[in-house]
There are 2 protein chains.
Amino acid sequence: MPKVVDHDKQREKIAEAAWKVIRSGGLAQATVRNIAQEAGLSFGAMRHYFNSQSELLRFAMNLVSDRVKERIRSMRLFASGFNMEDAKRLLMQLLPLDEESTLEMEVWLAFSAKSLSDPELKPRSDEVYDELRKVMMDIVGAMIRTETAKPGLDEELEAERLYALIDGLALHRMLRPGSLSPAMMEAVLTHHLNSLCDKEGSDRT
Amino acid sequence: MPKVVDHDKQREKIAEAAWKVIRSGGLAQATVRNIAQEAGLSFGAMRHYFNSQSELLRFAMNLVSDRVKERIRSMRLFASGFNMEDAKRLLMQLLPLDEESTLEMEVWLAFSAKSLSDPELKPRSDEVYDELRKVMMDIVGAMIRTETAKPGLDEELEAERLYALIDGLALHRMLRPGSLSPAMMEAVLTHHLNSLCDKEGSDRT
DNA sequence: TTTATTATCATACAAATGTACCATATACGA
DNA sequence: TCGTATATGGTACATTTGTATGATAATAAA
């Protein structure tokens with residue numbers, strides 16, 4: 001029998017090489033040859049793992065969302081009922097606060113932009129968008145039902161506001177890291193969450 | 001003397017053709033040949049207006065920001081002192097609410113994503129980011145100084161929060177237009193501005 | 001009308017890229 | 001040890017793309 005190589009592990013290794021290429025050179029540099037070199041493979045060997053470039057890129061995009069989902073799922077949230085600390089921790093997972101998540105989100109931004117004109121990528125982009133929107137609805141909904149939030153909030157409106165705030169912060173951190181520090185990102189998020197709860201208006205963490 | 005053609009007008013016409021190509025096919029389709037066809041020019045004629053593709057794309061990107069700046073400048077804001085209606089009108093200019101601004105913002109998103117790995121585009125991207133950040137600071141600052149806002153607000157934090165909210169809404173509208181209506185965008189913005197002003201918490205337009 | 005200057009077009013050419021194909025190396029089972 | 005299935009490497013080829021070059025058309029001034 002043949003040499004034993006974990007086919008799926010190799011595909012992930014190649015996809016992660018694609019991430020690095022995309023991050024440093026953009027999607028325009030995400031050629032089969034460049035990705036092969038980054039992965040330490042020969043150009044011809046790529047064919048054994050991906051039948052086409054678009055299949056490779058689609059896999060690389062899906063791997064980003066898989067990783068993010070996994071990270072969120074592994075948090076074991078709300079084990080003892082809803083609480084704001086867990087909600088905040090979850091939302092912070094959606095901000096580029098460390099090297100790993102920054103890489104993933106920059107790659108995700110590249111794919112999202114491309115998905116606007118690439119039907120192959122659109123379904124997954126939409127799927128992730130909708131899932132995160134659901135997360136926002138769950139958080140805001142729980143805040144309202146547990147009366148953590150101040151009364152009278154519009155669930156859907158607040159969910160969209162929170163979602164836009166998160167993605168706006170993430171976008172700004174990627175575009176202008178020197179202008180928006182991780183501490184400021186966290187402060188804005190904390191302040192926003194407090195503003196949804198406080199009956200008066202003072203800040204608490 | 002030669003045939004008379006407004007050189008600058010032609011450059012803008014070509015740049016707008018580039019916008020259309022980018023919107024329908026992404027930056028990957030923004031080839032000199034495709035743009036020439038969209039502009040109704042021959043491939044060879046392009047050379048008379050742009051010496052290289054990167055010069056063309058840089059011009060097309062700059063034209064987006066010029067148009068947005070011009071639109072904001074022409075609003076003649078705060079003619080009779082600061083007021084919330086003008087502030088809201090200004091902020092709405094930064095949301096993709098009609099066909100024209102949607103086109104411009106989708107193109108801007110493509111260029112912004114590319115600027116992360118293209119040193120040629122980064123300066124202008126940063127410049128626009130900083131200018132808009134200043135707009136946010138001006139608005140929040142004016143709200144505070146005129147006591148339109150409730151007391152105790154952190155100017156820088158609220159500016160970043162407002163900025164992130166605007167860009168997040170714009171991004172979501174582009175990525176998932178079916179999930180975020182113009183009416184909802186406006187409602188979220190209105191609600192957010194009110195939340196900065198109202199001493200109690202009720203909504204007013 | 002003639003001419004010079006500009007606009008436009010057509011084409012050539014090298015480089016890059018995706019895909020396909022074939023050769024070689026490798027390792028596990030018989 | 002040997003053979004087979006798999007991994008990997010090398011290369012050919014058509015296509016696309018940016019750039020460069022030369023030819024032609026058009027127009028306004030002399």
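Lettering follows sequence order; numbering is per chain, from 1.
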Quiz item: cation-pi between B/Arg11 and B/Phe59, 6.0 Å / 45°: yes
Below 4.0 Å: OP1/OP2 of D/dA7 and any side-chain N or O of A/His7: yes
Scanning both residues in full, the closest heavy-atom pair of A/Gln53 with A/Thr31 reads NE2-CA, 3.9 Å
So do the side chains of A/Leu90 and A/Gln93 get within less than 4.5 Å of each other, counting heavy atoms only? no
Whole Å only: how far is the [atom1] atom of [X] from the [atom2] atom of [N]?
X: A/Gln53; N: C/dT17; atom1: CD; atom2: P; result: 10 Å
X: B/Asn34; N: D/dT16; atom1: CG; atom2: P; result: 11 Å
X: A/Phe43; N: C/dT24; atom1: CZ; atom2: P; result: 20 Å
X: B/Ile35; N: D/dT17; atom1: CD1; atom2: C1'; result: 12 Å
X: B/Lys9; N: C/dA7; atom1: NZ; atom2: P; result: 16 Å
X: A/Asp6; N: D/dA7; atom1: CG; atom2: P; result: 10 Å
X: B/Gln10; N: C/dA7; atom1: CD; atom2: P; result: 9 Å
X: B/Met46; N: C/dC9; atom1: CE; atom2: C1'; result: 13 Å

Let me know, please, whether A/Val32 or A/Gly44 comes out on the 5' side of the other along DNA chain C by nearest nucleotide. A/Val32
Would you indicate what B/Tyr49 reaches in the nucleic acid, counting non-hydrogen atoms under 4.0 angstrom: base, sugar-phosphate, or nothing? sugar-phosphate
A/Gly40 vs B/Ser54, nearer the 5' end of DNA chain D by closest nucleotide: A/Gly40
Which nucleotide, [options], lies nearest any side-chain atom of [X]?
X: B/Arg33; options: C/dA12, C/dC9, C/dG18; result: C/dA12
X: B/Leu41; options: D/dG9, C/dT19, C/dC9; result: C/dC9
X: B/Arg47; options: C/dC9, D/dG9, D/dA20; result: D/dA20
X: A/Ser42; options: D/dG9, D/dT17, C/dT17; result: D/dG9

For the residue pair A/Ser65 and A/Asn62, confirm or rule out a side-chain donor-acceptor distance under 3.5 Å. no
Within the distance-only criterion (no hydrogens, no angle test), does the side chain of A/Asp167 pair as donor or acceptor with the backbone N or O of B/Gly168 below 3.5 angstrom? no
